[in-house]
Every structure is written in structure tokens, then in C-alpha cells.
Amino acid sequence: MGKVDFDLDKNYFVNVMGMEILERDEEKAIGKMEIQKVFYNAIGAVHGGVLISFADTVTGACANYNSSPATTLSSTFNFLKPVIDSKCLYGYARKIKRGKKISVYDVEIKDENGDLKAQGNFTYYVL
């Protein structure tokens, strides 16, 4: 396989969710996502699936930078504080290890005030 085309205009899920990648290289990626009304669950907090999807997208931006395509193999994700009154979220991914077939990334999800809401670790398989 050749290099991945990481054109977010072709990623319908990312577009529907309103996710943006602000910056990325082989060491890190930064993403932004405006919180939409449909993201809230029954208790008035952003659904955890939204947070982990955002984290997966930001780490994937780093994992797929200038390389063969990589897909999520596994993740461990910690929900630290509920996202209730935030307007947007930022994701900060950083490379831990890039191997020939397996790569590992850490990610932090913070709100617009820099308050840490979630963090995780994602492992990618290089195709």
C-alpha cells in the first residue's frame, strides 16, 4: 500500500462530527471539535463515544502522517471529567513509538479553558 490520503474532506464521519485537524506531523497532532447539541447524553454531558471518536481521529492523524495507512488496533481511554458546559474540545496526540507494523500514541482531550477531560493511549497497526 502507498501513502494514505488524509484528506478530511473525504472523511464523512469527521465532517458530520465537525472535527478539524489544526496541526500534524510525525510526532504530534492537534485537533479541534465544536460541541454540537446532538453530542449530549441523557444526563447533559457529551457522550463518551464522541470523546473517544475524537481522540481516535486525532491520534489517527498523527499515525497516518507521511506513511503507509494505519488503523486502530486497540485503545485504553479514561474519562476524567464530564464535558457539560464546554463550547469546544481540543485533542493533543503525541507519538510514543513508531514501528514497522505497530505504533503507539498518547492523547489528551481538553476543553477551551485547558481543563483535561479525558486521556488515552491508542495502538495502530500499519497496513
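- Counting only heavy atoms from C-beta outward, the side chains of Thr123 and Thr72 never approach each other to under 4.5 Å.
- In the hydrophobic clustering (ILVMFWY side chains linked at under 4.5 Å, chained through shared members), Val104 is joined by Ile96.
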Listed pairs under 3.5 Å, donor-acceptor, residues 42-50 side chains, sequence neighbours left out:
unit_1	atom_1	unit_2	atom_2	d
His47	ND1	Gly49	N	2.7

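- Listed by chain and residue number, nothing satisfies the side-chain hydrogen bond (donor to acceptor under 3.5 Å, both in side chains) test with Thr71 (two or more places apart in sequence, or in another chain).
- Annotation: side chain of Tyr125 is not in contact with side chain of Ser103 (no heavy-atom distance under 4.5 Å).
- Shown here are the side-chain contact (heavy atoms from CB on, under 4.5 Å) partners of Glu112, two or more places apart in sequence or in another chain: Ser86, Lys87, Cys88, Tyr90.
- The closest side-chain heavy-atom distance from Met19 to Phe54 is below 4.5 Å.
- Nearest approach of Ile21 to Ala61, heavy atoms of both residues: CD1-CB, 3.8 Å.
- Hydrophobic clustering, with ILVMFWY side chains joined whenever heavy atoms are under 4.5 angstrom apart, keeps Val126 apart from Tyr65.
- Between Ser68 and Leu127, the closest side-chain pair of non-hydrogen atoms is not below 4.5 Å.
- In this structure Ala55 satisfies the side-chain contact (heavy atoms from CB on, under 4.5 Å) test together with Phe77, Val107, Ile109, Phe122, sequence neighbours excluded.
- Residue pairs meeting the ring-ring contact (aromatic ring centres under 6.0 Å, His included) criterion with at least one partner in residues 20-39, sequence neighbours excluded, are absent.
- Phe79 and Met33 fall within a single hydrophobic cluster, where Ile, Leu, Val, Met, Phe, Trp and Tyr side chains are chained together by heavy-atom contacts under 4.5 Å.
- Closest non-hydrogen pair, Ala63 versus Ala70, comes out as O-CB, 4.1 Å.
- Hydrophobic clustering, with ILVMFWY side chains joined whenever heavy atoms are under 4.5 angstrom apart, groups Phe13 together with Leu89.
- Side chains of Ile35 and Val83 form a contact here, defined as non-hydrogen atoms less than 4.5 Å apart.
- The side chain to side chain donor-acceptor pair (under 3.5 Å) contacts involving residues 34-43 comprise Lys32-Glu34, where partners must be two or more places apart or lie in separate chains.
- Residues satisfying the side-chain hydrogen bond (donor to acceptor under 3.5 Å, both in side chains) test with Gln119, not counting sequence neighbours, are Asn78.
- In this structure, the side-chain contact (heavy atoms from CB on, under 4.5 Å) partners of Lys81, at least two apart in sequence or on a different chain, are Asp115, Lys117.
- For Asp85, the CG atom counts as loosely surrounded, since its 6.0 Å shell holds 12 or fewer non-hydrogen atoms of other residues, nucleotides or ligands.
- Between Asp56 and Ser75, every side-chain heavy-atom pair lies at or beyond the 4.5 Å cut-off.
- Among residue pairs with one or both ends in residues 91-112, those qualifying as ring-ring contact (aromatic ring centres under 6.0 Å, His included) are Tyr105-Tyr124; sequence neighbours excluded.
- Listed by chain and number, the residues in a salt bridge (Lys or Arg N to Asp or Glu O under 4.0 Å) with Glu26 amount to none (sequence neighbours excluded).
- Counting only residues at least two apart or in different chains, salt bridge (Lys or Arg N to Asp or Glu O under 4.0 Å) contacts with residues 91-100 comprise Glu27-Lys95, Arg94-Asp106.
- Val38 and Val14 fall within the same hydrophobic cluster, defined by Ile, Leu, Val, Met, Phe, Trp and Tyr side-chain heavy atoms under 4.5 Å apart, directly or through other members.
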